[in-house]
Novice: 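Have a look at this one before I ask anything.
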Amino acid sequence: GAVVSQHPSRVICKSGTSVKIECRSLDFQATTMFWYRQFPKQSLMLMATSNEGSKATYEQGVEKDKFLINHASLTLSTLTVTSAHPEDSSFYICSGGGANYGYTFGSGTRLTVV
Amino acid sequence: GIQVEQSPPDLILQEGANSTLRCNFSDSVNNLQWFHQNPWGQLINLFYIPSGTKQNGRLSATTVATERYSLLYISSSQTTDSGVYFCASGQFYFGTGTSLTVIP
């Protein structure tokens with residue numbers, strides 16, 4: 001099955017700095033990956049769909065300039081939280097796969113902005 | 001978008017007990033999935049079940065697409081079953097979740 005590796009698992013950053021989260025497909029080629037955000041005790045909210053070699057598709061209400069997504073290769077998608085603020089603190093999760101492999105999730109990144 | 005509601009929101013079980021979790025969706029879906037999120041945040045696919053019934057060990061799921069609901073059955077629950085169970089329409093619309101705690 002599809003294996004997705006997400007790093008870092010936990011990051012603490014200062015307000016105003018940028019943080020990059022990586023999501024790698026280890027045993028399949030990921031033309032599409034999904035990025036989610038999850039607040040404590042809440043459900044997953046789809047932020048954007050990352051497409052290899054093209055621009056990401058963002059969900060309504062998600063700031064494109066705040067959450068930069070890059071999917072330059074078939075094995076790597078990145079989410080950069082730019083000029084992070086405390087309200088950006090959350091659990092971020094990526095997902096990849098497809099009809100042939102099924103979809104699996106990364107282990108998540110817990111971002112704390114201080 | 002599609003609204004996905006789950007019940008109950010919270011559930012506490014004695015180890016060995018059985019339970020049924022329900023997922024109602026507001027519109028027709030053809031790609032319903034069930035996931036388990038463990039206490040450390042890791043999400044695991046349980047079932048892809050657009051219709052019918054599937055079983056995997058102590059877990060089984062049934063989706064009645066015409067009536068817009070799906071059920072997840074957990075039999076002989078174990079403490080490792082604890083966590084949050086989500087249903088979702090594809091990769092896009094996740095339900096509100098059922099938080100399950102299994103006590104020894």
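Throughout, protein chains are lettered first and strands after them, A, B, ... in sequence-line order, and every chain is numbered starting at 1. Just so you know, these numbers use all the heavy atoms, side chains as well, and skip hydrogens, waters and symmetry mates.
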Novice: For Ser95(A), which atoms come within 4.5 Å of any heavy atom of chain B: side chain, backbone, both, or neither?
Specialist: side chain
Novice: Using heavy-atom distances under 4.5 Å, tell me whether Phe35(B) contacts chain A through its side chain, its backbone, both, or neither.
Specialist: side chain
Novice: Can you tell me which of Ala88(B), Gly95(B), Gly97(B) forms the most heavy-atom pairs within a distance under 4.5 Å of chain A?
Specialist: Gly95(B)
Novice: Assess whether atom CZ of Arg10(A) is packed by more than 12 heavy atoms of other residues, nucleotides or ligands within 6.0 Å.
Specialist: no
Novice: Please rank Thr49(A), Leu46(A), Leu44(A) by heavy-atom pairs under 4.5 Å with chain B and give me the top one.
Specialist: Leu44(A)
Novice: Going hydrophobic residue to hydrophobic residue with side-chain gaps under 4.5 angstrom, can you get from Met45(A) over to Phe67(A)?
Specialist: yes
Novice: Is the number of heavy atoms from other residues, nucleotides or ligands under 6.0 Å of Ile12(B) CD1 greater than 12?
Specialist: no
Novice: Tell me the closest heavy-atom pair linking Phe91(A) and Gly41(B), and the distance in Å.
Specialist: CE2-O, 3.7 Å
Novice: For Phe86(B), is it the side chain, the backbone, both or neither that has a heavy atom under 4.5 Å from a heavy atom of chain A?
Specialist: side chain
Novice: Let me know if Gln42(A) has heavy atoms under 4.5 Å from chain B in its side chain, its backbone, both or neither.
Specialist: backbone
Novice: Quick check: is Leu11(B) connected to Ile74(B) through a chain of hydrophobic side chains (ILVMFWY, heavy atoms under 4.5 Å apart)?
Specialist: yes
Novice: If two hydrophobic side chains count as joined below 4.5 Å and joins carry through other members, does Val4(B) share a cluster with Tyr85(B)?
Specialist: yes
Novice: Can you say whether Gln37(B) sits under 4.5 Å from chain A via the side chain, the backbone, both, or neither, judging by heavy atoms?
Specialist: side chain
Novice: Mind ranking Val84(B), Leu43(B), Ile44(B), Thr96(B) by heavy-atom pairs under 4.5 Å with chain A and telling me who comes out on top?
Specialist: Leu43(B)
Novice: Step through the shown structure and confirm whether more than 12 heavy atoms of other residues, nucleotides or ligands are within 6.0 Å of CD on Gln78(B).
Specialist: yes
Novice: Do Met47(A) and Tyr58(A) share a hydrophobic cluster (ILVMFWY, side-chain heavy atoms under 4.5 Å, transitive)?
Specialist: yes
Novice: Where does Ser9(A) contact chain B at under 4.5 Å (heavy atoms): side chain, backbone, both or neither?
Specialist: neither
